[in-house]
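Just so we're clear, the structure is a prediction, and the values are computed from it rather than from any experiment.
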Amino acid sequence: MSINNKPVKHAADSLLPDWMLANRTRVLTSEGTEPKEGQSVVYWMQRDVRSVDNWALLWARDLAMQHDVPLHVVYALPPPASSDGSDNDRDLPPALIQLPMTKRHGDFLLGGLECVYKELKEMKIPLYVCLPDSHEKVGETVCEAIQHKYKAKIVVSDFSPIREYRQWMELQAVPILEEAKVPFYQVDAHNIVPVWTATDKRQVGARTLRPRIHKVYNDYLQDYPDLKGNSHSVDQPKFDRVEYESFLQMDESVESVDWAQPGTEAGMKQFEFFSKNGLKIFHEQRNDPVQKHVCSDMSPWINHGHISFQRLALNVKALNKHANGTAAFIEEGVIRRELSDNMLYYSPNDYDSLETAAGWARESLQLHASDEREFVYSLSELEEGRTHDDLWNAAQLQMVRDGKMHGFMRMYWAKKILEWSESPVGALRTAQYLNDKYELDGRDPNGFVGVGWSIMGIHDQGWKEREVFGKIRYMNYNGCKRKFKVEEYVAQYKGAAENAANAVEETNGSSNKRKSLPSSSNSKQKTARK
DNA sequence: ATCGGCTCGCGCAA
DNA sequence: TGCGCGAAGCCGAT
């Protein structure tokens with residue numbers, strides 16, 4: 001079932017406290033769905049897993065106060081991946097929906113959720129975790145809690161442009177709530193300028209989104225009010241971490257990382273470190289993968305919703321130092337990050353496929369689809385970092401080991417996957433698969449757009465035509481040598497190779513649900529042409 | 001070391 | 001309708 005963007009209708013002014021901008025909201029249920037009798041307001045938390053700096057939670061709490069009922073928070077754990085093999089992509093790595101939750105992601109997700117549970121409990125706000133049987137049942141399961149467990153009169157959710165979230169909310173829950181006459185409001189609690197407000201269509205690049213956001217940026221960069229706790233006494237559900245862990249059926253071969261602990265507090269510590277060390281040189285050194293302590297490394301917490309980027313924007317503004325570093329940080333954290341949401345929101349059904357590329361890019365990749373490739377690697381050769389390119393292998397191993405690849409290397413890494421794959425379609429899916437499996441900040445719009453920028457020219461322009469790439473921007477080893485000390489970067493990941501190989505073997509051996517992936521027999525290395 | 005051309009499409013001037 | 005301009009890079013000329 002495909003997702004359609006309907007014209008955005010904002011919540012009526014009478015529902016909004018003076019600090020809540022109508023543009024942050026949209027009404028998902030149809031006109032005439034008015035609050036009837038009910039005993040609570042429910043906040044369906046999904047993308048923005050935090051108790052502070054969360055416009056959806058704040059507004060839901062205010063609505064509960066207006067109606068003199070308690071607030072309940074409901075979160076749906078993502079149901080285990082179902083790979084029934086019914087799709088026609090047998091030769092491609094699994095798409096996000098078929099990808100098992102890794103321990104790396106699951107631990108971070110549950111850790112953050114547990115923090116929120118405790119923080120809310122202190123304020124007498126209960127958090128109830130739903131366990132839907134399948135992807136198709138998420139909306140139904142959450143609505144069951146909304147309607148029968150909590151008898152809600154109003155539902156507020158946060159917003160994500162990821163397809164699965166939109167299916168759960170817009171396609172599955174909306175009809176049930178309309179039938180039950182429970183109005184369903186959504187808040188873009190993730191972006192500073194809400195995605196549907198910044199522009200009303202997909203943008204071709206940063207240069208068209210930037211002026212639109214800058215024009216209204218200060219209007220939306222409001223400080224957050226404090227969250228007030230429930231005054232009603234309500235039952236507190238238990239937080240059963242063990243049960244949730246077994247529900248997720250995690251892929252244990254991708255281990256958690258030590259450097260990033262889940263939760264708002266841990267994330268803010270990382271940010272304090274960055275604002276003391278990296279911010280002042282961010283504009284000059286963020287593209288040098290050898291430099292330590294330049295990048296903010298905030299994306300795990302931002303993407304999992306543990307921290308609001310708006311909080312970081314407010315903090316760097318209050319710091320009022322390092323104008324150039326701050327400008328570069330805001331450019332990446334606001335313009336480029338919100339550009340990703342823009343792409344997914346306005347192309348909800350094809351943001352992860354070649355179909356979403358611009359005409360020039362599709363045609364050009366098609367024209368060069370049968371060009372002879374100098375190297376073609378199998379998925380396992382790539383996954384284990386066993387290519388001829390030590391720089392690429394190091395980047396891959398950084399991702400496998402640390403759950404985070406340097407931003408500049410992500411571009412080079414994905415471009416080489418295009419260069420070394422049989423087809424652009426396969427390259428795209430392989431890069432998305434590896435990104436979503438290993439990056440702690442994967443499974444997110446920024447990942448789809450980052451990979452899309454590299455492989456199919458999303459938000460980029462055409463460049464000098466060449467083999468395999470066509471007009472897609474090319475990157476190579478020599479360019480990296482010009483920019484940073486390649487040997488130094490490579491040396492950092494020596495010895496990580498065997499670990500990666502073991503992890504991959506474990507994954508593929510233990511997962512009987514996983515459909516078979518391209519085997520290394522596909523691998524070939526051809527001699528250079530000309 | 002630094003610069004300009006590469007190539008495309010938006011947005012503005014006409 | 002035509003033209004200026006940007007853009008998370010490469011490459012060759014200076």
Seminar exercise, completed: From NZ of A:Lys471 across to P of C:dG9 the rounded distance in Å is 21 Å
Exercise. Between A:Arg207 (CZ) and B:dC12 (P), how many Å, whole number?
Worked result: 12 Å
Exercise. So, do A:His322 and A:Phe282 have ring centers that fall under 6.0 Å from each other?
Worked result: no
Seminar exercise, completed: Taking C:dA8, B:dC6, C:dC10 as options, the one with an atom nearest any side-chain atom of A:Arg466 is C:dC10
Exercise. With respect to the phosphate group of B:dC8, does any side-chain polar atom (N or O) of A:Arg362 fall under 4.0 Å of OP1 or OP2?
Worked result: no
Problem set entry | Phosphate-side-chain proximity, A:Arg473 and B:dC6, N/O vs OP1/OP2 below 4.0 Å | no
Exercise. Taking only side-chain nitrogens and oxygens of A:Lys415, does any of them come within less than 4.0 Å of OP1 or OP2 of C:dG9?
Worked result: no
Exercise. Taking CZ from A:Phe282 and P from C:dA8, how many angstroms apart are they, rounded to a whole number?
Worked result: 13 Å
Exercise. Which class fits the ring pair A:Tyr165 and A:Trp168: parallel under 30°, tilted 30 to 60°, perpendicular over 60°?
Worked result: parallel
Problem set entry | Proximity to the side chain of A:Met411 - top-ranked nucleotide from C:dC10, C:dA8, B:dC10 | C:dA8
Exercise. What is the ring orientation for A:Trp259 with A:Trp301, classed by angle as parallel under 30°, tilted 30 to 60°, or perpendicular over 60°?
Worked result: perpendicular
Exercise. What dot-bracket string describes DNA chain B from 5' to 3', counting Watson-Crick and G-U wobble pairs whose defining distances are under 3.5 Å, with [ ] for crossing pairs and | for pairs to another strand?
Worked result: ||||||.||||||.
For this session: Select one nucleotide: of B:dC10, B:dC6, C:dC11, the one nearest the side-chain heavy atoms of A:Asn476.
Result: C:dC11
Exercise. From the list C:dC11, B:dC6, B:dC10, which nucleotide is the closest neighbour of the side chain of A:Arg482?
Worked result: C:dC11
For this session: Could you work out which one of C:dG9, B:dC8, C:dC11 sits closest to the side chain of A:Asn287?
Result: C:dG9
For this session: Verify whether one side chain among A:Ser347 and A:Arg202 offers a donor that lies under 3.5 Å from an acceptor in the other.
Result: yes
For this session: Give a yes-or-no answer on whether the side chains of A:Tyr438 and A:Glu383 include a donor-acceptor pair shorter than 3.5 Å.
Result: yes
Seminar exercise, completed: A:Tyr412 OH to C:dC10 C1', in whole Å, measures 13 Å
Exercise. With a non-hydrogen cut-off below 4.0 angstrom, is A:Arg202 in contact with a base, only sugar-phosphate, or nothing?
Worked result: nothing
For this session: For the side chain of A:Met475, starting at C-beta, report the closest nucleotide among B:dC6, C:dC10, C:dA8.
Result: C:dC10
For this session: Mind telling me whether A:Tyr493 and A:Tyr489 have parallel, tilted or perpendicular rings, with 30° and 60° as the class edges?
Result: tilted
Exercise. With a non-hydrogen cut-off below 4.0 angstrom, is A:Arg410 in contact with a base, only sugar-phosphate, or nothing?
Worked result: nothing
Exercise. Quick check: are there more than 12 heavy atoms from other residues, nucleotides or ligands sitting under 6.0 Å from CD of A:Gln285?
Worked result: yes
Seminar exercise, completed: A:Asn478 atom CG is separated from C:dC11 atom C1', nearest whole Å, by 10 Å
Problem set entry | Pairwise C1' distance, B:dG4 and C:dC5 [rounded to whole Å] | 15 Å
For this session: Remember a base hit wins even if backbone is also touched, and classify A:Arg336 as base, sugar-phosphate or nothing at under 4.0 Å, heavy atoms.
Result: base
Exercise. Please give, in whole Å, the distance from B:dC8 P to A:Lys464 NZ?
Worked result: 12 Å
Exercise. When you compare B:dA1 with C:dA8, how far apart are their P atoms, in angstrom units rounded to a whole number?
Worked result: 23 Å
Exercise. For A:Ile458 and B:dG9, what is the distance between atoms CD1 and P respectively, to the nearest whole Å?
Worked result: 13 Å
Exercise. Under 4.0 angstrom, heavy atoms only, what part of the nucleic acid is A:Trp463 near: base, sugar-phosphate, or nothing?
Worked result: base
For this session: Take the protein atom CZ of A:Arg210 and the nucleotide atom C1' of C:dA8, then report the distance between them rounded to whole Å.
Result: 11 Å
For this session: Flag yes if more than 12 heavy atoms outside A:Glu284 fall under 6.0 Å of its CD atom; otherwise flag no.
Result: yes
